[in-house]
Amino acid sequence: MLKSHNAGELRAKDAGKRVTLAGWVNRRREHGGLIFIDLRDRWGITQVVADISHAPEAHRAASKIRAEYVIQVNGTVRERLPQAVNPDMPTGEIEVIADEIKVLNPAKNPPFEITGEVEPTEEVRMRWRYLDLRRERMRRNMMLRHNAILYMRNFLSERGFVEIETPILFKSTPEGARDYLVPSRVHPGKFFALPQSPQQLKQLLMVAGFERYFQIARCFRDEDQRGDRQPEFTQLDMEMSFVEREDVLQLVEELIIGMVETVSEKRIKTKPFPRLSYAETIERFGTDRPDLRFGLELADVSDIASQSDFRVFTSVVQSGGLVRALAAPGLAGYSRSQIAELEGIAKEAGAKGLATIAVEADGSLRSSITKFFSEDQLAALVEKVGAQPGDLILFVADEPAIANEALSELRTELGRRLKLADPNELAFTWIIDFPLFEWNAEEERWDPSHHMFTAPKPEHVALLDTDPAAVQSQQYDLVCNGYEVAGGSIRIHEREVQEKIFELIGLEIEDARERFGHLLEAFEYGAPPHGGIAPGVDRLIMLMAGEPNIREVIAFPKTQRAADLMAGAPSEVDPAQLEELHIAIVREPEAK
RNA sequence: GGGGGCGUGGUGUAGUGGUGAACACACCGGCCUGUCAAGCCGGAGAUCGCGGGUUCGAACCCCGUCGCUCCCGCCA
């Protein structure tokens with residue numbers, strides 16, 4: 001080893017020890033005959049002193065050293081003088097007086113300051129990601145990630161789970177997200193697909209009898225990016241046999257709570273995790289992934305609104321829509337332009353407009369729509385939305401999906417503006433009792449709301465034929481601070497039910513056989529009842545780290561346009577490679 | 001595919017039609033034995049992302065384009 005100790009471990013009790021340290025020059029402070037070097041390695045920072053009167057040769061070396069040089073220091077640990085102790089550093093009571101300093105490798109002046117407080121732009125950070133990763137923020141995030149994944153592995157292993165790797169080169173299934181394809185050299189014209197998740201494979205592992213499987217699984221989806229979405233991302237993929245929903249929920253909840261409390265500084269708001277039915281979360285928050293760090297619940301005022309003389313409201317209710325409302329605390333004084341901003345948010349969600357009533361400090365109401373309501377109706381409205389003097393009541397009237405989404409977006413925005421969410425809190429909640437299907441109006445068929453292997457509730461199986469909309473599934477999502485952080489279900493393990501689902505979602509039996517024949521066939525060889533879940537590792541770590549996007553917790557993430565700025569991927573390839581793969585590039589015709 | 005924001009020395013920003021593009025940090029040189037965001041003195045460094053246009057004159061206005069980013073669509 002080129003070092004005897006690391007740069008974070010030496011303390012006053014080590015005074016007198018001869019040590020060899022190696023690492024990077026974090027900072028250098030030259031005082032003429034005395035030079036201080038903050039030596040950084042993965043474990044911390046230790047101050048090295050080069051004193052011309054102690055070791056002239058080491059001092060000469062230190063004077064030539066620059067930021068980010070890789071150096072090795074031989075010297076002796078000594079306690080600092082009392083007035084020179086730095087209480088802000090874990091190693092601040094000691095320093096290493098250098099006998100010898102060796103440059104293991106010099107460094108060009110870095111393109112941005114590794115140790116500075118100014119945050120470089122993401123473009124710059126991504127171009128030199130290996131330097132970005134030297135920064136404390138990234139080091140901390142990577143360590144958190146390691147600790148979290150280690151916790152998951154140990155937790156599951158202790159409970160009888162076995163980690164099994166599944167193929168990265170697998171089969172394309174056109175359902176779901178766009179696939180990343182890999183051409184086959186030996187099968188001209190044929191392609192592998194990178195897995196969107198190991199869904200089918202983990203179910204097959206249950207058929208194989210492993211009973212408890214997990215994998216830290218890389219998943220690939222060729223869809224456009226968001227702050228919480230990357231083209232390749234990591235799931236803690238899990239599946240269990242002979243379990244019911246409750247078993248999965250209990251186990252995962254125990255895992256998440258243990259992990260958060262062991263590896264992060266965040267507080268879990270509510271334990272055990274609250275459970276909301278899909279219907280209840282829509283009713284109260286307008287979304288299936290609410291941020292429960294704050295209240296600000298929605299009210300349904302359709303009944304009162306339908307009694308009014310306000311045509312906009314009455315006509316919406318008559319045609320099956322909803323009038324939903326939200327009391328924005330303390331915003332009665334909002335100006336026309338501030339309200340227009342909020343209306344813009346509602347409109348982005350598809351709403352046609354935003355109606356408001358301000359509740360003045362004396363309780364009187366100010367609004368352009370009060371004239372359409374009786375005194376009693378107004379009182380009932382205020383009562384129903386729970387508005388206090390000083391609040392601004394926001395109304396959206398539209399078809400249910402739009403009214404809910406618009407109000408949910410407004411709720412989120414108000415949470416942000418009014419700083420209602422505690423950044424140190426994680427508010428987990430289970431969402432359960434999802435509908436099995438969503439109606440796809442365009443294609444005139446039912447789409448699975450989770451995926452096609454999700455089991456209906458046993459007591460709802462009979463409804464598959466008569467009222468598919470009413471069928472609830474055994475799907476469960478784990479939501480935290482407005483993010484979906486896990487999703488899973490008890491699966492179908494009976495061929496008959498699976499084929500009924502295929503039929504309802506408009507998949508021909510022949511197509512199903514072509515795409516999922518291996519799975520259907522497997523179900524005929526003694527498939528145990530089974531279910532599982534897949535927590536999103538990147539999102540969980542992002543939340544535990546308090547970071548605003550998952551790029552901050554991924555060592556080498558892709559940009560918005562799915563590129564790697566450091567390596568320059570994707571890139572063109574040698575024509576010979578293409579030829580071998582039987583691929584010809586078709587150039588887009590020049591525009592104009 | 002669509003909408004918004006941003007792009008100015010190495011880094012982060014200011015400058016929004018008129019002299020020599022300003023500031024901080026970093027960098028280079030000098031001084032300096034108790035600093036820890038060291039300090040003091042001096043210095044170098046920018047064709048203002050790229051292309052075109054408007055104008056007597058463009059970092060600034062217009063059009064296009066590239067890149068980063070946020071959002072919609074998309075994400076079983």
Side-chain angles (χ1 to χ4, degrees), chain A residues 26-40 45-54 59 63 66-68 78 80-89 91-92 95 97 108-128 131-132 173-179 196-197 199-200 219-231 233 344-345 347-350 405 409 412-413 436-438 440 446-454 473 475 484 487 489 501-502 505 507 515-516 536 548-549 551 557-561 563 565 591-592:
Chain A
N26 200 58
R27 277 209 169 84
R28 194 184 67 112
R29 295 174 293 278
E30 186 169 353
H31 290 237
L34 198 62
I35 300 172
F36 299 97
I37 293 169
D38 290 340
L39 184 71
R40 180 190 77 235
I45 290 174
T46 295
Q47 175 166 288
V48 171
V49 184
D51 187 336
I52 199 166
S53 65
H54 175 81
H59 179 270
S63 71
R66 294 294 180 266
E68 301 305 316
R78 71 181 183 197
R80 297 193 193 181
L81 298 169
Q83 66 273 22
V85 165
N86 184 343
D88 299 329
M89 289 172 75
T91 61
E95 62 196 5
I97 176 75
K108 284 166 60 173
N109 188 39
F112 55 89
E113 288 168 62
I114 311 290
T115 59
E117 305 81 54
V118 286
E119 184 74 11
T121 58
E122 268 203 78
E123 199 171 347
V124 171
R125 294 172 60 198
M126 291 304 165
R127 169 74 181 77
W128 289 279
L131 297 181
D132 188 40
T173 52
E175 289 77 19
R178 212 175 282 117
D179 283 323
Q196 296 182 24
S197 81
Q199 181 62 35
Q200 297 174 47
C219 305
F220 304 86
R221 295 180 190 174
D222 186 5
E223 297 295 346
D224 286 328
Q225 312 285 293
R226 289 293 185 279
D228 61 349
R229 271 161 41 188
Q230 281 272 303
F233 62 100
I345 291 163
K347 282 182 168 169
E348 251 180 63
E405 192 191 334
E409 293 294 331
T412 302
E413 174 64 18
L436 187 61
F437 299 111
E438 288 162 7
N440 182 332
W446 295 100
D447 281 344
S449 40
H450 182 48
H451 60 56
M452 63 187 81
F453 310 114
T454 298
S473 74
Q475 178 193 344
E484 182 191 324
S489 61
I501 302 294
F502 284 151
I505 64 180
L507 192 59
R515 290 174 200 170
F516 306 112
N549 65 66
R551 293 186 300 277
K558 304 277 188 291
T559 66
Q560 179 93 15
R561 294 196 62 244
L565 296 183
K592 279 172 276 183

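Predicted model only: the values in this text are computed from it and were never measured. Just so you know, these numbers use all the heavy atoms, side chains as well, and skip hydrogens, waters and symmetry mates. Protein chains get the first letters and strands the later ones, always in sequence-line order, with residue 1 at the start of each.
For B/C75, the base has a donor-acceptor partner in the side chain of A/Arg229 [N/O atoms by modelled type, under 3.5 angstrom]. Scanning atom types as modelled, no donor and acceptor separated by under 3.5 angstrom connect the side chain of A/Arg127 and the base of B/C68.
Among the atoms of the strands shown, none is found under 4.0 Å from any heavy atom of A/Gln196. Contacts of A/Met89 with the nucleic acid, taken as non-hydrogen atoms under 4.0 Å apart, include base atoms. A/Thr115 comes within 4.0 angstrom of nothing in the nucleic acid, heavy atoms only. Among the heavy atoms of the strands, none lies under 4.0 Å from A/Gly92. In this structure, A/Arg66 reaches the sugar-phosphate backbone alone: every heavy-atom distance under 4.0 Å involves primed, P, OP1 or OP2 atoms, never a base. Looking at heavy-atom distances under 4.0 Å, A/Arg561 makes contact with sugar-phosphate atoms alone, never a base. Contacts of A/Val85 with the nucleic acid, taken as non-hydrogen atoms under 4.0 Å apart, include base atoms. Looking at heavy-atom distances under 4.0 Å, A/Arg40 makes no contact with the nucleic acid at all. Within the 4.0 angstrom heavy-atom criterion, base atoms lie near A/Ser197. Note on A/Glu95: a base of the nucleic acid sits closer than 4.0 angstrom, heavy atoms only. If you check every strand for non-hydrogen atoms under 4.0 Å, A/Asp51 touches a base. Within the nucleic acid shown, A/Ile52 comes within 4.0 Å of at least one base atom, counting heavy atoms only. Within the nucleic acid shown, A/Ala177 comes within 4.0 Å of sugar-phosphate atoms alone, with no base atom in reach, counting heavy atoms only.
When the C1' atom of B/G4 is taken as reference, atom NZ of A/Lys347 falls 17 Å away, rounded to whole Å. Residue A/Asn26 contributes atom CG, which lies 14 Å from atom C1' of B/U35 at whole-angstrom precision. The distance between atom CG of A/Asn86 and atom C1' of B/U35, rounded to the nearest whole Å, is 10 Å. Distance A/Ile35 CD1 to B/G30 C1': 14 Å, rounded to the nearest Å.
Projected onto RNA chain B by closest heavy-atom contact, A/Leu81 and A/Pro448 fall at different nucleotides, the more 5' of which corresponds to A/Leu81. Toward the 5′ end of RNA chain B lies the nearest nucleotide of A/Gln83, the other residue of the pair A/Arg178 and A/Gln83 mapping further downstream.
Across B/U19 and B/G57, the matching P atoms stand 15 Å from one another, rounded to whole Å. Here the separation of B/A58 from B/C63, taken at their C1' atoms, is 15 Å to the nearest Å. Straight-line distance between the C1' atoms of B/U47 and B/A21: roughly 12 Å, to the nearest whole Å. To the nearest whole angstrom, the two C1' atoms, one in B/C32 and one in B/U16, are 45 Å apart. Comparing the same atom, C1', in B/G34 and in B/C23 gives a spacing of 31 Å after rounding to whole Å. Distance check on atom P: B/G49 versus B/G7 gives 8 Å, rounded to whole Å. The same atom, P, is picked in B/C27 and in B/U11; the two are 14 Å apart, to the nearest Å. Separation of the C1' atoms belonging to B/A44 and B/C50 is 27 Å when rounded to the nearest angstrom.
Here A/His31 does not lie in a stacked arrangement on the base of B/G34, lacking the combination of planes under 30° and ring centres under 5.5 Å apart.
When each of B/U33, B/C36, B/C74 is scored by its nearest atom to the side-chain atoms of A/Gln47, the top-ranked nucleotide is B/C36. Nearest to the side chain of A/Thr559, among B/C68, B/U33, B/C36, sits B/C68. Considering only side-chain atoms of A/Glu30, the nucleotide from B/U35, B/C32, B/C71 that sits closest is B/C32. For A/Arg551, whose side chain is taken as the heavy atoms from C-beta onward, the closest listed nucleotide among B/C71, B/C70, B/U33 is B/C70. Here B/C70 is the nucleotide among B/G1, B/C70, B/C68 with the atom lying nearest to any side-chain atom of A/Asn549. Closest to the side chain of A/Asp224, from the set B/G1, B/U33, B/C36, is B/G1.
The side chain to side chain contact (heavy atoms under 4.5 Å, CB included) test with A/Pro557 is passed by exactly one of A/Glu122, A/Gln225, A/Arg551: A/Arg551.
Considering only heavy atoms from C-beta on, A/His59 stays 4.5 Å or farther from A/Asp51 through its side chain. A/Arg40 places a side-chain heavy atom less than 4.5 Å from the side chain of A/Glu68.
Look at A/Arg29 and A/Asp38 and you find a salt bridge, because one of the NZ, NE, NH1 or NH2 atoms lies within 4.0 Å of a carboxylate O, short of that distance. Ionic pairing of A/Glu223 and A/Arg229 is not present here: no N-O contact between side-chain nitrogen and carboxylate oxygen is shorter than 4.0 angstrom. By the 4.0 Å N-to-carboxylate-O rule, A/Asp132 lies close enough to A/Arg125 to be salt-bridged with it.
Nucleotide B/G42 has B/C28 as its partner under the Watson-Crick or G-U criteria, with both atom distances under 3.5 Å. Figure legend. B/G7 is base-paired to B/C66; pairs are counted as Watson-Crick or G-U wobble with both atom distances under 3.5 Å. The pairing partner recorded for B/U33 is none, the criterion being a Watson-Crick or G-U wobble arrangement whose two distances lie under 3.5 angstrom.
Annotation: A/Phe233 is not in aromatic contact with A/Phe220 [ring centroid separation under 6.0 Å not met].
Aromatic ring pairs are classed by plane angle as parallel below 30°, tilted from 30° to 60° and perpendicular above 60°; the pair A/His31 and A/Phe36 is perpendicular.
The nearest pair of heavy atoms linking A/Arg27 to A/Thr115 is NH2-O, 3.4 Å. Across every non-hydrogen atom of A/Thr91 and A/Ile45, the tightest pair is OG1-O, 2.6 Å. Here the shortest heavy-atom pairing between A/His451 and A/Ser489 reads CE1-OG, 4.2 Å.
Phosphate proximity of B/A38 to A/Arg29: present, with a side-chain N or O under 4.0 Å from OP1 or OP2. Residue A/Arg226 has a polar side-chain atom (N or O) positioned under 4.0 Å from OP1 or OP2 of B/C72.
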Contact state string [nucleotides 9-16 of chain B, B base, S sugar-phosphate only, - no protein heavy atom under 4.0 Å]: -BSS----
